[in-house]
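What follows is a short report on a single structure.
Counting convention: from 1, in listed order, for ligands and their atoms alike. Computed from a prediction, not measured in an experiment: that's the story for all the values here. Position 1 is the first residue of the sequence, and the numbers go up from there.
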Amino acid sequence: MLNLVLFGAPGSGKGTQSAKLIDQFGLYHISTGELLRDHIARGTELGKTADKYISKGQLIPDELMTQILEDVLDKHAGEKNGVVFDGYPRTIPQAKALRELLRKRGTDLHAVIGLEVPEEELIDRMLKRGQQTGRADDNLETIKNRLDVYHHQTCPLREYYTNEGKYIKVNGSGIVDEIFDDIASGIEAATGEKRRSPRH
Ligand code: AMP
């Protein structure tokens, strides 16, 4: 079993690197942001509630978010060798909830990969993504709120996971494949798990 959190500010490349991680380590991908956008696109009640927070760059309440995560874990997590949590946890209560969810299922969180990218680059990347994909919360005003929320509510998790000995810092600027190489090497060193094919 290998359970990982991919941690980083909005725009730090979590989605891009998750795709490589699931392929190379045989993991199931749970992106809480994608789950919520899917509900919004389908017009569900949950989507309507989530949209009110997402459009302002705010976080969905912890209990609701954790309930959504638990439902997905129960439906799919057993299908693979473990899970990449992308975009969860974003608060200390969520981190505690995740520990409990995993403990109840007889497993644990093995490593937290922290993608670190300078703020100007994050803003540039999100503005570009907004133009290319039309993602509604990738506009300057909402981006600024999301970064503010990240600094106040999510950043404390770095210290939390550093104290647990689980935080692996990775420079998230540069070439996608080279960043992935650093991530994969960090996971291999920390957990003993091996990627499927070297240097991918
Ligand atoms: P993301 O795609 O991870 O950047 O998430 C997009 C938006 O979804 C965030 O700005 C939040 O409004 C919401 N969201 C995603 N994950 C969480 C979470 N773990 N807790 C609360 N809100 C979340």
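- Shortest contact from atom 9 (C) of ligand 1 to any protein heavy atom: R90 NH2, 3.9 Å.
- If you check the side chains of H39 and T44, you find a donor sitting under 3.5 Å from an acceptor.
- Checking S185 against D182 by side-chain atom types alone, no donor-acceptor pair falls below 3.5 Å.
- A side-chain donor-acceptor contact under 3.5 Å links S173 and E121.
- Between G57 and ligand 1, no pair of N/O atoms sits closer than 3.5 Å.
- For atom 22 (N) of ligand 1, the nearest protein heavy atom (residue, atom name, distance) is I60 N, 3.1 Å.
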Begin with the C-alpha distance, continue with both residues' side-chain angles, and end with the deciding distance and a verdict on side chain to side chain contact (heavy atoms under 4.5 Å, CB included) for R129 and D124.
CA-CA 9 Å; R129 183 173 64 188; D124 277 359; over 6 Å; no
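- For the pair E34 and ligand 1, the shortest N or O to N or O distance does not fall below 3.5 Å.
- Under 3.5 Å, the side chains of Q24 and S197 contain a donor-acceptor pair of N or O atoms.
- Atom 20 (N) of ligand 1 has as its closest protein heavy atom Q94 NE2, 2.9 Å.
- At least one N or O atom of R37 sits closer than 3.5 Å to an N or O atom of ligand 1.
- Between T32 and ligand 1, an N or O atom pair is found at a separation short of 3.5 Å.
- Rounded to the nearest 0.5 Å, atoms NE2 (H76) and OH (Y28) are 4.0 Å apart.
- Looking only at atom types and distance, the side chain of N145 has no donor-acceptor partner in the side chain of E141 under 3.5 Å away.
- The ligand atoms of ligand 1 that sit less than 4.0 angstrom from a heavy atom of Y88 are 19 (N).
- The distance from ligand 1 to the heavy atoms of Q58 drops below 4.0 Å at these ligand atoms: 11 (C), 12 (O).
- Side-chain atoms of Y88 and T66 form a donor-acceptor pair, as typed in the model, at a separation below 3.5 Å.
- Proximity of R135 to ligand 1 is established by a heavy-atom distance of less than 4.0 Å.
- For L36, no nitrogen or oxygen atom sits less than 3.5 Å from a nitrogen or oxygen atom of ligand 1, counting backbone and side chain alike.
- Every N/O-N/O distance between D137 and ligand 1 stays at or above 3.5 Å.
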